[in-house]
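The shown structure was predicted, so the numbers you read here are calculated from the model rather than taken from an experiment. Letters go in sequence order (proteins before strands), and every chain restarts at 1.
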Amino acid sequence: MAEPRLIRGFALFDGFLDRPAQEAMVADLRGVLAAAPLVRPETPRGQKMSVRMSACGDFGWVSDRRGYRYEPRHPSGVAWPPIPQSVLRVWQAVSGCDRLPECCLVNWYGEGARMGLHQDRDEADFAAPVVSVSLGDEGLFRMGNTGRGGSTESVWLRSGDVVVMGGEARLRHHGVDRIRFGSSTLLPNGGRINLTLRVVTPA
DNA sequence: TAGTATCA
DNA sequence: TAAA
């Protein structure tokens, strides 16, 4: 496995998945989204997010007027489908974690979608890293600091890239400023899919 | 503060 | 809110 590039403690595995592996993963995700359709969540303040979300695994991350939390079911009431093996293999290759991910959040960025700087801090065990997989259009990923404020660095993530957020970077702020809509041919309808794999429950 | 507007 |  190629060495990752370290940016603010984030490990970027550039081109980790080749095109056939990306296509196989997208085929698996089509099954996930058929069982657990994408929804557009709102923040606790009632503002709609631009990203559309679903999940697979034991838990999905959800946001609504009641707050941020992990739930064992899709808002429709159905259980989240299992995490595809193609996705679990990425976790096993790069996470360095002996636990399996309990949540695979599926974020779909359409034209103009963004994700403001935030921390992943709704999990009970920060010793486990967060693993992010990019599929489809390129996205401008921004990385900040654990505390608020300070300088940030940005990098364009391309289809097949994998980022591991662990150790000192586990609680760093991060977000997506922009999508180059139509820059990839992977997804027939365009857009960017980002998977984030997380351990949710206490060690 | 997982959003958004607005500024230099 | 601050950064870009």
Side-chain angles (χ1 to χ4, degrees), chain A residues 7-10 12 29 32-33 36-75 80 83 87 101-126 128-158 161-166 168-181 183 191-201:
Chain A
I7 310 166
R8 295 208 169 198
F10 291 72
L12 167 56
L29 293 171
V32 167
L33 296 179
L38 291 167
V39 299
R40 192 138 87 101
E42 53 187 302
T43 67
R45 291 176 158 179
Q47 302 161 114
K48 286 284 191 188
M49 295 174 65
S50 55
V51 170
R52 295 209 251 179
M53 292 189 178
S54 184
C56 49
D58 295 337
F59 300 94
W61 184 87
V62 300
S63 175
D64 58 25
R65 272 158 282 190
R66 295 167 45 205
Y68 305 145
R69 63 198 179 277
Y70 284 96
E71 288 279 3
R73 295 182 175 276
H74 186 275
W80 302 105
I83 301 176
V87 177
E102 298 167 309
C103 170
C104 173
L105 189 62
V106 181
N107 287 337
W108 184 77
Y109 294 75
E111 192 159 23
R114 302 172 289 175
M115 176 80 73
L117 276 184
H118 67 279
Q119 289 176 297
D120 288 16
R121 60 174 188 187
D122 299 317
E123 303 76 31
D125 181 8
F126 296 140
V130 174
V131 173
S132 157
V133 181
S134 294
L135 296 166
D137 289 341
E138 296 166 28
L140 184 58
F141 184 61
R142 187 150 137 219
M143 295 155 282
N145 307 287
T146 300
R148 74 199 292 282
S151 66
T152 63
E153 289 180 67
S154 298
V155 62
W156 281 98
L157 295 179
R158 293 178 298 178
D161 289 352
V162 172
V163 177
V164 180
M165 301 178 265
E168 63 99 347
R170 175 64 180 75
L171 290 170
R172 278 188 189 261
H173 287 77
H174 55 278
V176 175
D177 283 339
R178 192 154 85 81
I179 297 298
R180 280 181 178 143
F181 192 81
S183 58
R192 171 174 186 263
I193 289 175
N194 183 70
L195 307 177
T196 47
L197 298 161
R198 304 183 178 102
V199 171
V200 171
T201 61

Under-3.5 Å N/O pairs linking protein and nucleotides 4-7 of chain B:
from: B/dT4; atom 1: OP1; to: A/Lys48; atom 2: O; distance (Å): 3.3

Taking N or O atoms only and anything under 3.5 Å, show me the protein contacts with nucleotides 2-4 of chain C, one pair per line.
from: C/dA3; atom 1: OP1; to: A/Gly150; atom 2: N; distance (Å): 3.2
from: C/dA3; atom 1: O3'; to: A/Thr152; atom 2: OG1; distance (Å): 3.4
from: C/dA3; atom 1: N3; to: A/Arg142; atom 2: NH2; distance (Å): 3.0
from: C/dA4; atom 1: OP1; to: A/Thr152; atom 2: N; distance (Å): 3.0
from: C/dA4; atom 1: OP1; to: A/Thr152; atom 2: O; distance (Å): 3.0
from: C/dA4; atom 1: OP1; to: A/Thr152; atom 2: OG1; distance (Å): 3.3

Query raised in the report: Would you call A/Arg65 and A/Glu42 a salt bridge, taking side-chain N to carboxylate O under 4.0 Å as the test?
Result: yes

Query raised in the report: Checking all strands, does A/Asn194 fall into the base, sugar-phosphate, or nothing category for heavy-atom contacts under 4.0 angstrom?
Result: nothing

Query raised in the report: Can you name the side-chain contact (heavy atoms from CB on, under 4.5 Å) partners of A/Arg172, sequence neighbours left out?
Result: A/Arg8, A/Phe10, A/Asn145, A/Thr146, A/Glu168, A/Ala169

Query - Short N-O contact, A/Glu111 and A/Arg192, less than 4.0 angstrom - result: no

Query raised in the report: Is the closest basic N to carboxylate O distance between A/Glu71 and A/Arg69 below 4.0 Å?
Result: yes

Query raised in the report: Will you find, in the side chains of A/Ser50 and A/Arg114, an N or O donor that is under 3.5 Å from an N or O acceptor?
Result: no

Report task. Would you tell me whether A/Asp58 and A/Trp80 have side-chain atoms, one donor and one acceptor, within less than 3.5 Å of each other? Result -> no

Query raised in the report: Are any of the side-chain nitrogens in A/Glu138 or A/Arg158 under 4.0 Å away from the carboxylate oxygens of its partner?
Result: no

Query raised in the report: Going by an N to O cut-off under 4.0 Å, is there a salt bridge joining A/Arg180 and A/Asp137?
Result: no

